[in-house]
Amino acid sequence: QVPLVESGGGSVQDGGSLTLSCTSSGYKDLSACMGWVRQAPGKEREGIAAIDSDGGTTYADSVKGRFTVSTDSAKNTLYLQMNNLKPEDTAMYYCAADGFLYETYPPFCSLDKYGAWGQGTQVTVSS
């Protein structure tokens with residue numbers, strides 16, 4: 001399993017911003033679908049953002065318009081820019097790779113079907 005290493009988590013106030021990074025040193029290229037999944041205490045895991053190898057993105061309604069997922073293929077790095085953070089965004093955030101691409105037109109990545117996971121980075125938003 002290719003290691004995925006997240007960074008950039010922390011504590012911010014309501015309305016603040018954070019950028020998460022995920023390096024995937026084991027891949028020659030980023031996988032077809034990569035993304036971010038979060039899990040808050042006592043809640044189910046939630047896929048929130050995914051990106052395919054052509055840069056197509058998919059977002060959960062809960063973060064649409066506030067979060068942006070992107071990649072830097074030269075650095076084998078996945079990012080999640082999070083703006084206007086809310087207390088309900090508090091969770092452990094996981095980078096995920098080897099995702100599933102729905103071959104529709106246009107194609108799009110599943111938000112929660114992945115084959116590789118990072119260890120997670122904590123994001124805490126206080127009111």
Side-chain angles (χ1 to χ4, degrees):
Q1 191 169 359
V2 175
L4 300 168
V5 180
E6 302 97 336
S7 62
S11 297
V12 295
Q13 300 231 321
D14 192 353
S17 298
L18 280 174
T19 300
L20 305 183
S21 299
C22 171
T23 57
S24 174
S25 59
Y27 279 118
K28 288 184 179 180
D29 302 297
L30 297 174
S31 59
C33 286
M34 296 187 72
W36 295 92
V37 178
R38 68 186 181 185
Q39 187 164 23
K43 294 189 177 181
E44 291 190 357
R45 192 172 62 189
E46 178 189 19
I48 57 171
I51 186 167
D52 65 33
S53 56
D54 291 327
T57 55
T58 308
Y59 296 97
D61 288 343
S62 58
V63 305
K64 200 173 292 183
R66 300 187 297 123
F67 292 9
T68 303
V69 61
S70 61
T71 58
D72 183 335
S73 58
K75 297 181 180 178
N76 265 10
T77 301
L78 176 74
Y79 301 99
L80 184 68
Q81 173 67 45
M82 304 185 294
N83 297 326
N84 191 22
L85 282 160
K86 305 174 182 180
E88 52 264 42
D89 294 318
T90 295
M92 185 70 78
Y93 284 69
Y94 298 91
C95 171
D98 193 22
F100 182 81
L101 182 70
Y102 290 101
E103 294 185 359
T104 55
Y105 185 78
F108 68 96
C109 293
S110 167
L111 282 173
D112 56 9
K113 292 180 173 61
Y114 296 101
W117 300 84
Q119 295 298 307
T121 185
Q122 179 67 36
V123 172
T124 302
V125 185
S126 57
S127 56

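Just so it is clear, the model here is predicted, and its values are computed rather than measured.
Considering every non-hydrogen atom in both Val69 and Tyr59, the closest pair reads N-OH, 2.9 Å. Between Glu103 and Pro107, the shortest heavy-atom contact is CA-CB, 4.5 Å. Here the shortest heavy-atom pairing between Ala60 and Gly47 reads CB-O, 3.5 Å. Heavy-atom minimum distance, Asn83 versus Ser17: OD1-OG, 3.1 Å. The two residues Ala32 and Cys109 make their nearest non-hydrogen contact at O-SG, 4.1 Å. Nearest heavy-atom pair, Ala50 versus Leu111, reported as atom, atom and distance to 0.1 Å: N-CD2, 3.9 Å.
Rounding to the nearest 0.5 angstrom, the gap separating the CD1 atom in Ile51 from the OG1 atom in Thr58 is 9.5 Å. For the atom pair Tyr114 OH and Cys33 SG, the distance stands at 7.0 Å (nearest 0.5 Å). Here the CE-CD distance, from Met92 to Glu6, works out to 9.0 Å after rounding to the nearest 0.5 Å. A distance of 12.0 Å separates CG in Leu78 from OG in Ser73, rounded to the nearest 0.5 Å. Between atom CE of residue Met34 and atom CG of residue Leu80 there is a gap of 12.0 Å, rounded to the nearest 0.5 Å. Interatomic distance, Thr90 OG1 to Arg38 CZ, rounded to the nearest 0.5 Å: 9.0 Å.
Here the options are Glu46, Arg45, Glu44, the test is side chain to side chain contact (heavy atoms under 4.5 Å, CB included), and the partner is Gln39; only Arg45 passes.
Ser126 meets the side-chain contact (heavy atoms from CB on, under 4.5 Å) test with Gln13; sequence neighbours excluded. Contacts of Ser7 classified as side chain to side chain donor-acceptor pair (under 3.5 Å), with partners at least two apart in sequence or in another chain: none.
In this structure, Asp52 contributes its side chain and Asp54 its backbone to a donor-acceptor pair below 3.5 Å. Within the 3.5 Å criterion, the main-chain N or O of Leu4 finds no donor-acceptor partner in the side chain of Ser24.
A continuous path of hydrophobic side-chain contacts links Met82 to Val12 [ILVMFWY only; heavy atoms under 4.5 Å]. Two different hydrophobic clusters hold Ile48 and Tyr79 under the rule that ILVMFWY side chains link at heavy-atom gaps under 4.5 Å.
Crowding of Gln119 atom CD: a count of heavy atoms from other residues, nucleotides or ligands under 6.0 Å not exceeding 12.
A salt bridge does not link Asp89 to Lys86: none of the charged nitrogens lies less than 4.0 Å from a carboxylate oxygen.
Defined by atom type and a distance below 3.5 Å, a donor-acceptor pair is present between the side-chain atoms of Ser110 and Asp112.
Contact of the Trp117 side chain with the Cys95 side chain is not registered, since no non-hydrogen atoms from C-beta on lie closer than 4.5 Å.
Taking the six-membered ring for Trp and thresholds of 30 and 60 degrees, Phe67 and Tyr93 have ring planes inclined between 30 and 60 degrees apart.
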